[in-house]
Structures are given as structure tokens and as C-alpha cells.
Trainee: 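One structure follows; several queries about it will come next.
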Amino acid sequence: MKPARYLPRKLTLPAIAAAFVALSQTAHAHIEKGEVGGFASGFKHPWSGADHIVAMLAVGIWGAQLGAPAIWLLPVAFPMVMAMGGFMGLVGIPLPGVEIGIALSALLLGAMVCGEVRPKLAVAVVLVGIFGLFHGHAHGTELPPGQSGLLYSLGFVIATGTLHAVGISLGLVHHWRAGKLALRGAGAVISVMGAVFLWQALR
Amino acid sequence: MSFSSKQKLAAAGVAVALALSPSAARAHLVTTGLGPVYDGIGHFMLSLDDVLPVIALALFAGLRGPAPGRHALFTLPLAWLAGGMTGLLAGNPPVFPITSFSFLVLGGLVAADLSLPSVVVTLLTILLGLMHGFLNGAAFRQAGSDALLELLGVMATLFVLVALFAALVLSLRRPWTRIVVRVAGSWIAATGLLLLGWSLHKTG
């Protein structure tokens, strides 16, 4: 049976936009700058460094290359492991060689994408999880003071998930021959970037 | 009249976006000018630290099937009322980071899609209602407002939220749509973990 539609397709987006505009009026009556800054700065934080961005994208692309169940296991597990790293950073539990770990994540995850490496699922999850700890820890120790913890955390997690989703979406071109080659090329680029980050971290 | 899974997920996405949109506002008591019942509704809907655990619970109840969803529909508002009354009488909210643990536990359960008996889901529902209701009651007491009517507004909102989200999950048929729900759970749990770290960071 064809699904019913309450609104014509052309009116859906304008209706959503109108709802946002209407609601923002209510919210503005209670706005406090620190709270807005909390969500915005949390959302921006994972996008703040190329090393974070390429590693997150590589996780998504690699998941798409590996297919089910990795394609859904990695996005479910990664935010939680990364949050664990953030928790460690926040409460002051040290993690040695964070910058080196982040650089290695780009280098190795890029290499995995480039080589279309297919390890056992557990190996892939552990590898990605360890790198997630480094990324989360770096974010946890770089938190700006005076922000709203809840909104900052929400923004941070949503942005991380969005980066994964972008990576997975890019990885879906894996179904085409040219797409496979393009992804492997992208993996090589990410790996080279990781090597540069590593050089900078060790310098 | 039926909706496709994509339409249902799009509706859920819009609902979450709308819930986040006014979240710029603080979780303080809201004066709508429409009376205490609407003030209670406004207060609840602008308090993400209450809304998100309730959504997580509704998602989990929906994942577990119709019976836990139906039970949550009635037990959560009643437990919330009981907790709220206690908060009104007891006064000061506890220092213990209840919100972080609610996010962590309920989000984690959704992410893991853990198969728990219906009675355990109901117990979790009661626990959530009592704890967060207590916080609500304590906040209403401090504000010196018409707390009982405000709690009534919160109860009505809880009923609607649980009905919407549990029914949404129950209606999902394709396997990948359940994965989307689990990803949402993992995001809520991750937020709870960071929130816990944040509260320890501030108090440490």
C-alpha cells in the first residue's frame, strides 16, 4: 500500500522551516549565551582539527567497506568509546601519547581503507575503539570553561555521529567499481595526512 | 493510513531537532502566561536533562515490545508524580549526578538492545519517574509555584512523549531502522558519560 502523505512533498521542507522559525521565538525568550555557546562549541569541536575529521571519516568509510555488521556496530560503539576517552580527559586520567595516537589513527585507518583490509570484526572494533579513546581524551582535556555540560556534550556527540554518517554515506559508493577505486584513493590520502600528523607530533 | 519507515524516521528526526531547537533555553521554571499546567509542560519540554532520559526509556520500552510500552505509558507519569510530591516535601535536590546516570543507563540499554523482562523495564520506569520527579518537585518548591498543577502538566507531557516514541519504535519493521534507534541510544549514553565527567571535573 502506498504510504499516505499529510503534506504535499513540495511543502514538507517549508513546513519544517516554518516550525523551526516559530519555535525559535519561544526559545529566544529564555536564551542565555553560555548555554547556546555550549551546544555550538560542542558541535564545532570535532570539526576543529583535520586530524579528527579524517579519522572519523575513515571510520565511516571502513565500516561501509566491511559491510554488515561492522557498518552498524562501529557507529554504535565508537561514540561510547570516544565518550569514555572524553570522560578520562575530563576527570584528569592521563593517557600517554595522545597526539601520536590520533596521528596513528589517521595513518592506520587510512591504510585499512586504502587496502580494503578485512580483519575479524573483533579486531576492527578494538582497533577503532582504541583510537576512539585517544580522540575522546583530546577533546575532554580541551573543553572550554564556563560552558553548559549537557549541551556541549550533546553537540559534541551529534557532531561525531554526523562525521561517521558522512563517512558511511561516502563509503556507499563502494558498490560501484569506480567508487571502490575512489575510496581506496581517499584512504591513501588519509593515510598520507596521518603520516604528516605523526611527523608533526613527533617533531 | 500508513507511513513508510523513512517517513517515520524523518518524523523522529524532526521531533529530535525541534526538541534541540529550543534547548538554548535554560532548564529553569518557565512562565508561559497560560497557567501552571502549561508552565509545567514548558518547564519539562525545555529541560533536556529530563526529556532525553524519557525518550531513551520510551525507545527502550518500544524495543522490548508492546507490553513494556503500555506499562511505561501509565507507570512513568504516576511514579513522576510520586517523586514530585516527595521532592516538594523534602526540599533540596541531591548532589548525586542523577541525570548523568539516567542518560548512561537508559542510553546504554537502548544501544545494547538488551533483552530484559517486562517487569525489569517497569522497575526502571518507576525508578526514572521517582528520581527525576523528585528533582522536578524540588525545583518547583524552590520556585514557590503552583507545583501540583505543574506536575499535572509534566505528567500529561510524559504520557504523550512515551506514547509517541514507544509507538514509533514498535512500528519499525526493517532491521536497519532498529539500528538507527540503537545509534540514538549510544549517543544518549555517550552524552551521559561526558556529562558525568563534566560534573566530576567541576566538583574535582
Side-chain angles (χ1 to χ4, degrees), chain A residues 1-6 12 16 19-20 23-36 38-40 42 68-69 71-73 75-84 86-92 136 139-140 143 147-158 160-161 164-165, chain B residues 1-8 10 13-14 16-28 30-32 42 45-49 52 99-100 103-104 107-108 111-113 175-176 178-180 182-202 204:
Chain A
M1 186 191 294
K2 192 179 177 185
R5 291 188 67 83
Y6 285 120
T12 307
I16 292 170
F20 271 106
L23 273 175
S24 66
Q25 293 300 319
T26 310
H28 276 192
H30 311 284
I31 253 179
E32 294 199 9
K33 286 179 181 172
E35 301 263 313
V36 181
F39 182 80
I71 194 169
W72 57 261
L73 191 60
V76 170
F78 194 90
M80 295 178 73
V81 181
M82 195 160 160
M84 177 58 78
F87 174 81
M88 289 167 65
L90 276 164
V91 299
H139 290 308
L143 284 177
Q147 304 284 356
S148 156
L150 174 57
L151 292 175
Y152 182 94
S153 306
L154 261 179
F156 176 83
V157 170
I158 289 172
T160 303
H164 286 154
Chain B
M1 197 173 279
S2 63
F3 293 91
S4 70
S5 298
K6 279 183 184 171
Q7 283 174 313
K8 287 168 188 164
V14 170
V16 170
L18 290 177
L20 284 172
S21 176
S23 69
R26 268 182 65 85
H28 58 196
V30 173
T31 307
T32 58
M45 289 307 289
L46 291 173
S47 306
L48 277 180
D49 40 2
L52 286 178
T99 306
S100 310
F103 275 64
L104 195 53
D113 194 8
W176 69 267
R178 287 177 72 92
I179 300 300
V180 172
R182 293 178 65 180
V183 169
S186 80
W187 288 12
I188 292 173
T191 302
L193 197 52
L194 285 171
L195 199 54
L196 183 62
W198 194 287
S199 58
L200 293 174
H201 175 71
K202 281 173 78 175

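Both backbone and side-chain heavy atoms feed into the values below; hydrogens, waters and symmetry mates do not. Quick note on labels: first sequence line is chain A, next is B, and so on, each numbered from 1.
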Trainee: What are the two closest heavy atoms between A/Met80 and B/Gly108, and how far apart are they?
Mentor: CE-CA, 4.4 Å
Trainee: Nearest heavy-atom pair of A/Pro79 and B/Ala190: which atoms, and what distance?
Mentor: O-CB, 3.5 Å
Trainee: Looking at CG of B/Leu196 and OG of A/Ser153, how far apart are the two atoms once the value is rounded to the nearest 0.5 Å?
Mentor: 10.0 Å
Trainee: Chain B heavy atoms under 4.5 Å from A/Met84: which part of the residue, side chain, backbone, both or neither?
Mentor: both
Trainee: Could you tell me if the side chain of A/Leu154 sits less than 4.5 Å from the side chain of B/Leu195, heavy atoms only?
Mentor: no
Trainee: Please round to the nearest 0.5 Å and tell me the distance separating atom CG of A/Leu150 and atom CG of B/Leu194.
Mentor: 10.5 Å
Trainee: Considering only heavy atoms, which portion of A/Phe78 lies under 4.5 Å from any heavy atom of chain B: side chain, backbone, both, or neither?
Mentor: neither
Trainee: For the rings on A/Phe87 and B/Trp198, is their centre-to-centre separation under 6.0 Å?
Mentor: no
Trainee: For B/Ala111, is it the side chain, the backbone, both or neither that has a heavy atom under 4.5 Å from a heavy atom of chain A?
Mentor: both
